[in-house]
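Read the structure below first, then the notes.
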Amino acid sequence: MNKQLILNAFSQSAAAYLDVQPHTKARLILSVDDSASGVQYFVRRRGNTLQIAFRGSDSKKDWASNLTFWKRCIPYGNVASKVRVHTGFLSRYKTPACRERILRLITPEITRVQITGHSYGAALSVLCAVDVQYNFPDREIEVVLFGCPRVGNRAFQRSYNARVPQTLRVENGNDIVTKVPPALFGFHHVGAKVHLGFPRVPLLLSADAHRLEHYLSGLCPNYLP
């Protein structure tokens, strides 16, 4: 992945917070704001590429999902699997307004899927990416995550990294969200990490570093807010 791809993914992640979507070269084909689950995402298509951007936490329902730390089996229904993921994230992703609608959009003409999100939206992106790969193993999948929390256990991490190797996880400074759920609870990050801004300092956590504008400053040092 090159820097331009990361910047494009950032633009989509930032735009996911907007109620009115900007015009881009990719055509907006689906906009979802599910009041029942609180899940919000946007899907665009450009040629044979499908672009999916999940919105981060901006409601009480989102934060309730974030704080649900116990785990659930995945793949779906396979109780013998050692893979476990964050129950709150999984329950939101599995809603009919999210999972079913996204999978239906991956038609035979779609050969490439790009998925991105910030914060809670990044966690949903992780679950979406591995689900798409499992159901459509012949598609090329590219994932860029910004300020992503930990999503699953070690078994999930290994399975995800083998299935979706083109995953970049961008962290800024001492972003607090990238340290939850705690590793002490058995959660592990996926993808290859790209660190921005101030060096990571053990035990120093910053909610301010999680803000989108600070991710933008890290990606574009000459950016003036």
Side-chain angles (χ1 to χ4, degrees), residues 1-34 37-46 49-63 65-66 89 92-93 97-98 102 105 112-129 141-149 151 166-178 180 189-198 206-225:
M1 293 188 192
N2 56 40
K3 185 173 182 179
Q4 188 58 51
L5 180 63
I6 297 174
L7 290 173
N8 290 341
F10 179 84
S11 296
Q12 293 177 49
S13 294
Y17 284 97
L18 303 176
D19 293 327
V20 178
Q21 292 296 289
H23 292 289
T24 68
K25 293 181 180 180
R27 179 170 56 93
L28 183 65
I29 62 174
L30 181 63
S31 174
V32 172
D33 185 349
D34 183 33
S37 66
V39 172
Q40 298 161 303
Y41 64 93
F42 301 89
V43 183
R44 293 176 171 82
R45 179 172 177 177
R46 185 177 184 184
T49 300
L50 202 67
Q51 301 173 342
I52 306 168
F54 288 92
R55 181 180 293 187
S57 302
D58 68 348
S59 71
K60 291 181 180 179
K61 287 181 180 178
D62 293 344
W63 284 109
S65 296
N66 295 347
F89 297 151
R92 291 297 183 263
Y93 172 68
C98 186
I102 288 175
L105 291 174
R112 186 185 190 193
V113 182
Q114 297 175 328
I115 308 171
T116 191
H118 169 254
S119 191
Y120 166 66
L124 295 179
S125 298
V126 169
L127 294 173
C128 180
I141 302 173
E142 298 172 332
V143 183
V144 184
L145 311 167
F146 299 95
C148 187
V151 176
Q166 294 191 75
T167 298
L168 288 182
R169 177 172 46 84
V170 184
E171 293 187 5
N172 180 57
N174 293 282
D175 184 348
I176 188 173
V177 174
T178 64
V180 297
H189 278 301
V190 299
K193 184 175 76 172
V194 175
H195 191 85
L196 306 174
F198 295 107
S206 170
D208 195 51
H210 187 63
R211 294 167 58 183
L212 270 175
E213 56 264 40
H214 291 166
Y215 272 83
L216 178 57
S217 296
L219 289 169
C220 303
N222 295 325
Y223 167 74
L224 295 176

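Atoms considered below: every heavy atom in the structure, side chains included; atoms not considered: hydrogens, waters and symmetry mates. One-based numbering along the sequence shown. The shown structure was predicted, so the numbers you read here are calculated from the model rather than taken from an experiment.
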Could you walk me through whether Gln40 and Tyr17 pass the side-chain contact (heavy atoms from CB on, under 4.5 Å) check?
-> CA-CA 9 Å; Gln40 298 161 303; Tyr17 284 97; over 6 Å; no
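- Distance alone, capped at 3.5 Å, is enough to place a donor-acceptor pair between the His189 side chain and the Thr178 backbone.
- In the model, Gln12 has no side-chain atom that pairs as donor or acceptor with a side-chain atom of Asn8 under 3.5 Å.
- When each of Ser13, Ser11, Ser125 is checked for a side chain to side chain donor-acceptor pair (under 3.5 Å) with Thr116, only Ser13 meets the rule.
- When all heavy atoms of Phe54 and Gly121 are compared, the pair lying nearest together is CB-O, 3.3 Å.
- The structure places CG of Leu105 at 5.5 Å from CG of Leu30, a figure rounded to the nearest 0.5 Å.
- Listed for the Asn174 side chain is no donor-acceptor partner under 3.5 Å among the backbone atoms of Ser206.
- For the pair Ser217 (side chain) and Glu213 (backbone), a donor-acceptor distance under 3.5 Å is present.
- Atoms CD1 and CG, from Ile115 and Leu50 in turn, are 8.5 Å apart once rounded to the nearest 0.5 Å.
- Proximity of Val190 to Val151: side-chain heavy atoms (C-beta onward) are nowhere separated by under 4.5 Å.
- Using a 30° and 60° split on the angle between ring planes, His210 and Tyr215 fall in the perpendicular class, above 60°.
- Here the straight-line distance linking atom NE2 of His118 with atom CZ of Arg211 works out to 10.5 Å at 0.5 Å rounding.
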List the steps, then state whether side-chain contact (heavy atoms from CB on, under 4.5 Å) holds for Leu216 with Cys220.
-> CA-CA 6 Å; Leu216 178 57; Cys220 303; 4.2 Å; yes
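- In this structure a side-chain-to-backbone donor-acceptor pair under 3.5 Å is missing from Arg44 to Thr49.
- Checked by atom type and distance alone, the side chain of Arg55 pairs as donor or acceptor with a backbone atom of Ala16 at under 3.5 Å.
- Smallest separation of non-hydrogen atoms from Asn172 and Ala209: ND2-O, 2.9 Å.
- The closest side-chain donor-acceptor pair between Asp34 and Ser37 falls under 3.5 angstrom.
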Would you be so kind as to tabulate the donor-acceptor pairs closer than 3.5 Å made by side chains of residues 141-148, with sequence neighbours excluded?
unit_1	atom_1	unit_2	atom_2	d
Glu142	OE1	Arg112	NE	3.2
Glu142	OE1	Arg112	NH2	3.0
Glu142	OE1	Gln114	NE2	2.9
Glu142	OE2	Arg112	NH2	3.2

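- With rounding to the nearest 0.5 angstrom, the NZ atom of Lys193 is 5.0 Å from the CD atom of Glu171.
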Pair Val39-Tyr93, side-chain contact (heavy atoms from CB on, under 4.5 Å): steps then yes or no | CA-CA 8 Å; Val39 172; Tyr93 172 68; over 6 Å; no
Under the side-chain contact (heavy atoms from CB on, under 4.5 Å) criterion, do Thr167 and Val126 qualify, and how do the steps go?
-> CA-CA 9 Å; Thr167 298; Val126 169; 6.0 Å; no
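- Between Tyr120 and Val177, the closest side-chain pair of non-hydrogen atoms is not below 4.5 Å.
- Not a single salt bridge (charged side-chain N to carboxylate O under 4.0 Å, His left out) links Asp33 to another residue, sequence neighbours left out.
- Rounding to the nearest 0.5 angstrom, the gap separating the CG atom in Leu168 from the CD1 atom in Ile6 is 5.0 Å.
- Atom CG of residue Leu219 and atom CZ of residue Phe10 lie 6.5 Å apart, to the nearest 0.5 angstrom.
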